[in-house]
Amino acid sequence: MRMFAAVWPPEDVLEHLDLALASVRGAPSGLSSAVRWSARETWHLTVAFYGELPDGARPGLAADLAQVAAGVEPYELGLRGAGVFAHRTLWVGVAGDLDSQRAVSRGCVEAGESAGGLLDNRPRDRPHLTIGRVRPGSRPTRRRSSRPDRPGARPDAQAMDDEDVAAALVRALAVYEGPRWIVDELVLVSSRPGAGRGGGPLYERVETFPLGR
C-alpha cells in the first residue's frame, strides 16, 4: 500500500483557500486552463512519504508515528503566500510554528526508515500545500506589440512557456493569507494514484495520532 504521513488543515482553512483560488481558477486570461488544479479533498501538508509498504509494516509504523506525535505539543500554522517548484508545481506556503512542523517531519521520516519504507530524501524545510501543476504543452498566449516603435502597431500573440504561466499565478497568490489553526493531530494516509476525482489520487485516512498525548 502506498502511504505517507501528513498534517491536514481543517475544513474552514480549506474553504478559505478554495474561495481565494476561485478567482484565479476563473481568470479570463486563459492561465487557469493551462493548469491541472488539484482537488480540494487532496489538500494537505506532507511531512513524510513512504511509498509502497507491505501490510505487515503498518503496525510498527503506526506505533512509531504515535510516539512522534506524543512528543510534540499542538502548535499553530496558517497558509500564506505561494510559490512554484520546477516551473510547474504550484503551491501555497505555510507560516507559524515551522520549527514544530519540521520536528514532526523529521520524526516521521525516521519512523518510515525504521518501517522499511522508501527513503524520503525530499527537503521538508519549506512546508507547503500543492494546489496544481502546469500542463506540459498547454500554454495560453499573451499579447505583445511586434513594432512598439510604430504608433498604432497591431499586437501579435506570443506563447507563454511553463515558467511564465507559473510565475503569473504565483504573483496572483503572493499576498494570500489564510486563517490560523492549531495542529493537534498527525495523519497516516494511503494513496491510490489515478483513483480520485478527475483522474487525480485518492487519499484515505488510515490512522490518526493526537499530538502531545
Side-chain angles (χ1 to χ4, degrees), residues 1-21 38-51 53 55 57-83 89-115 117-118 120 122-132 173 175-192 196-197 200-213:
M1 184 180 295
R2 190 180 179 95
M3 308 192 81
F4 63 90
V7 164
W8 219 280
E11 278 302 310
D12 63 311
V13 173
L14 299 180
E15 175 69 16
H16 191 279
L17 176 60
D18 206 5
L19 291 173
L21 289 179
S38 58
R40 172 171 161 172
E41 61 266 23
T42 68
W43 292 349
H44 66 278
L45 310 176
T46 300
V47 292
F49 179 72
Y50 304 127
L53 281 177
D55 291 341
R58 180 176 139 187
L61 174 60
D64 287 346
L65 292 179
Q67 187 172 2
V68 171
V72 179
E73 292 300 316
Y75 56 96
E76 185 181 72
L77 291 181
L79 301 178
R80 186 173 70 184
T89 302
L90 300 167
W91 50 266
V92 170
V94 179
D97 189 351
L98 298 184
D99 287 341
S100 291
Q101 178 73 5
R102 291 165 182 147
V104 167
S105 183
R106 286 193 298 270
C108 290
V109 169
E110 291 173 1
E113 293 175 4
S114 298
L118 181 71
D120 187 355
R122 299 181 186 182
R124 301 292 180 188
D125 290 340
R126 187 183 294 174
H128 63 279
L129 183 155
T130 300
I131 56 172
L173 294 167
V175 297
Y176 174 74
E177 185 162 3
R180 297 292 181 104
W181 83 95
I182 299 299
V183 178
D184 58 4
E185 65 180 20
L186 174 67
V187 187
L188 179 61
V189 185
S190 67
S191 171
R192 292 166 55 194
R197 181 156 57 99
L202 177 63
Y203 296 150
E204 296 179 329
R205 296 190 180 207
V206 175
E207 201 160 345
T208 301
F209 311 98
L211 265 58
R213 300 178 189 174

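The basis for the numbers below is simple: all heavy atoms, side chains too, and nothing from hydrogens, waters or symmetry mates. Only a predicted model underlies this, so the values are computations on that prediction, with no experimental measurement involved.
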Closest heavy-atom contact between [X] and [Y]?
X	Y	value
Q101	P127	CG-CG, 3.7 Å
Y176	V13	OH-O, 4.5 Å
A6	L186	O-CD1, 3.5 Å
E73	G212	OE2-CA, 3.8 Å
I131	W43	CA-NE1, 4.3 Å
P74	I182	CB-CG2, 3.8 Å

Q) Does the pair V187 and Y203 meet the rule for a side chain to side chain contact (heavy atoms under 4.5 Å, CB included), with working shown? A) CA-CA 11 Å; V187 187; Y203 296 150; over 6 Å; no
Do [X] and [Y] have side-chain heavy atoms sitting under 4.5 Å apart?
X	Y	result
V68	F209	no
L98	L77	yes
V72	V183	no
D99	R102	yes
T46	H44	yes
Y50	M1	no

Which distance, rounded to the nearest 0.5 Å, do you find between the [atom1] of [X] and the [atom2] of [Y]?
X	Y	atom1	atom2	result
L79	W181	CG	CH2	4.5 Å
L65	M3	CG	CE	9.0 Å
T42	W8	OG1	CH2	7.0 Å
L129	W91	CG	CH2	11.0 Å
E11	R40	CD	CZ	5.0 Å
S191	E204	OG	CD	9.5 Å

Q. Is there a donor-acceptor pair under 3.5 Å between the side chain of S38 and the backbone N or O of T130?
A.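 Yes; judged by distance alone, with no hydrogens or angles, the pair exists.
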Q) So, H16 side chain and L14 main chain: donor-acceptor pair closer than 3.5 Å or not? A) no
Q. Counting only heavy atoms not in Q67, do more than 12 fall under 6.0 Å of its CD?
A.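 Result for CD/Q67: open.
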